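So the structure is just underneath, and the comments pick up after that.
Note: hydrogens, waters and symmetry copies are ignored here, and every other heavy atom, side chains too, is used. Counting convention: from 1, in listed order, for ligands and their atoms alike. Every value quoted in this text rests on a predicted model; they were computed, and no experiment measured them.
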Amino acid sequence: MYKIAVLPGDGIGSEVTVQAVRVLEAVGRRFKREFTFSEALVGGAAYDATGTPLPGETLDLCLSSDAILFGAAGGPKWDSLPPQLRPEAGGILSLRKELGLFANLRPVRVFPSLENASTLKPEVVAGVDLLIVRELTGGLYFGKKHRENLPDGSFRAVDTLEYTTFEIERITRVAFDLARKRRKKVTSVDKANVLESSRLWREVVTALGLEYQDVSLDHMYVDNCAMQLIKNPKQFDVLVTENMFGDILSDQASVLCGSLGMLASASIGGRTGLYEPAHGSAPDITGQQLANPIASILSGAMLLRFSLDLGEEADCIERAVTEVLDLGFRTADLMEQGKTRVNTAEMADLIIERI
Ligand code: NAD
């Protein structure tokens with residue numbers, strides 16, 4: 001029996017997570033696996049109900065589960081709260097920190113039937129299969145920050161970007177180990193021409209690379225990488241980078257797949273892995289059944305593979321998603337002429353049918 005904590009969160013987070021749970025239940029029935037799902041509050045929903053975006057009961061549930069399925073946190077309703085109470089910093093960022101989830105894996109694979117769905121040319125995106133390994137508990141998002149008044153009545157704001165050798169080495173090791181199971185190529189992304197933290201990053205990655213003689217390593221500045229990702233994305237296998245660079249580059253990379261609604265992620269490194277779509281709560285489409293649930297459903301597949309070691313079951317979900325897309329069904333974000341438009345729940349129904 002596998003215990004899965006379900007944290008739907010805010011906005012479309014709850015709309016897509018409920019569909020991912022239905023898909024996992026279908027896989028459980030097909031493969032005779034017993035999954036128990038326990039739901040808990042997080043983000044703005046938790047703040048409204050309890051006054052904190054990460055209640056103690058939620059953290060306890062996460063710590064006592066085999067894996068966590070997360071939706072999204074945040075929205076305009078909570079944007080004016082102080083930082084520690086905001087759903088993003090106080091909810092998901094704290095959860096990652098508390099659970100020690102220092103490695104975020106974001107696979108970017110272009111499904112053959114979606115080669116025309118990207119705003120980029122099909123010949124650029126066809127066959128893309130890369131993995132972004134993003135450091136998740138350090139850097140600017142967690143460094144000391146403050147704001148002070150200046151004598152002229154204006155303000156000075158400071159965020160701190162720091163990394164230690166230990167933090168860089170452990171995320172790089174994850175990237176090298178994963179590259180060994182793929183095409184054996186790591187590209188480390190930094191801004192070593194300007195930032196001291198990036199200079200340390202490059203030194204540590206280079207030194208660790210000597211332990212992985214079978215994996216090729218190159219370094220790329222983040223600005224060049226942003227350009228290369230849309231110019232020639234097929235050159236990449238595994239990209240490893242610090243927190244903020246990874247945040248930005250992975251949203252950019254989602255364009256290769258046609259939509260942010262296709263990008264799954266796994267956050268690992270601590271005792272319990274957390275699986276979530278790469279997108280946020282999408283307030284612009286909340287409550288209309290417009291959200292693409294596939295990122296959340298594919299995050300469920302990653303949960304099975306990485307936390308529960310159920311590779312065959314994960315393959316089954318990925319195959320079902322491929323088949324439904326091949327049959328021409330699309331949510332609004334991926335809609336093209338000649339395809340059949342379906343809503344959030346209908347997309348999940350189709351995937352469940354194939355399972
Ligand atoms: P977003 O990812 O929520 O949305 C960006 C755009 O992509 C929107 O136009 C949205 O409609 C679209 N989109 C996203 N997911 C989609 C899906 N599954 N199907 C179809 N279209 C989809 O980013 P944002 O608008 O910058 O942020 C909204 C809120 O989410 C903010 O409060 C932000 O802080 C929060 N956020 C949370 C997380 C998280 O919980 N991990 C991540 C990113 C943003």
State whether any protein heavy atom lies less than 4.0 Å from [atom].
atom: atom 12 (C) of ligand 1; answer: no
atom: atom 9 (O) of ligand 1; answer: yes
atom: atom 28 (C) of ligand 1; answer: yes

Which residue from [options] reaches closest to [atom] through any of its heavy atoms?
atom: atom 3 (O) of ligand 1; options: Ala282, Pro293, Ala278; value: Ala282
atom: atom 2 (O) of ligand 1; options: Ala72, Ala332, Gly91, Gly280; value: Gly280
atom: atom 35 (C) of ligand 1; options: Gly44, Ala73, Gly75; value: Ala73
atom: atom 25 (O) of ligand 1; options: Ala295, Pro87, Pro283, Pro76; value: Pro283

If I apply the N/O under 3.5 Å rule, does [X] come out as touching ligand 1?
X: Ile92; value: no
X: Ser281; value: yes
X: Asn292; value: yes
X: Gly71; value: no
X: Phe70; value: no
X: Ile12; value: no

Would Asp284 count as a contact residue for ligand 1, given that I'm defining contact as a non-hydrogen atom of the residue lying under 4.0 Å from a ligand atom? yes
Which residue pairs pass the ring-ring contact (aromatic ring centres under 6.0 Å, His included) test when at least one of the two sits in residues 176-200, sequence neighbours left out? Phe176-Tyr212
Do Arg96 and Thr137 have a side chain donor and acceptor closer than 3.5 Å? no
Distance-only side-chain donor-acceptor flag, Tyr141 / Asp159, under 3.5 Å: no
Should the pair Lys97 and Phe142 be classed as cation-pi, given the thresholds of under 6.0 Å to the six-membered ring centre and 45° from the axis? yes
On the six-membered ring of Phe111, is Arg109 placed so that its NZ or CZ lies under 6.0 angstrom from the centre and within 45° of the ring axis? yes
Please find the pair of heavy atoms, one from [X] and one from [Y], that lie closest to each other, and give the distance.
X: Gly71; Y: Thr17; value: CA-OG1, 3.3 Å
X: Gln289; Y: Ala345; value: OE1-N, 3.0 Å
X: Arg134; Y: Ile171; value: O-CD1, 3.8 Å

Check each heavy atom of His279 against ligand 1 and say whether those closer than 4.0 Å belong to the side chain, the backbone, both or neither. both
In terms of atom number and element, which parts of ligand 1 are under 4.0 angstrom from non-hydrogen atoms of [X]?
X: Glu276; answer: 41 (N)
X: Gly261; answer: 17 (C), 18 (N)
X: Gly74; answer: 32 (O)
X: Ala291; answer: 19 (N)

Among all the protein's non-hydrogen atoms, which is closest to [atom], and how far away is it?
atom: atom 31 (C) of ligand 1; answer: Glu88 OE2, 3.7 Å
atom: atom 6 (C) of ligand 1; answer: Leu260 CD2, 4.6 Å
atom: atom 21 (N) of ligand 1; answer: Ile285 CD1, 3.6 Å

Using the rule that Ile, Leu, Val, Met, Phe, Trp and Tyr join whenever any side-chain heavy atoms are under 4.5 Å apart, tell me whether Ile352 and Leu69 fall into a single cluster. yes
Is the number of heavy atoms from other residues, nucleotides or ligands within 6.0 Å of [atom1] ([X]) greater than 12?
X: Lys184; atom1: NZ; answer: yes
X: Asp309; atom1: CG; answer: no
X: Glu312; atom1: CD; answer: no

So, are Arg173 and Glu169 salt-bridged, with charged N and O less than 4.0 Å apart? yes
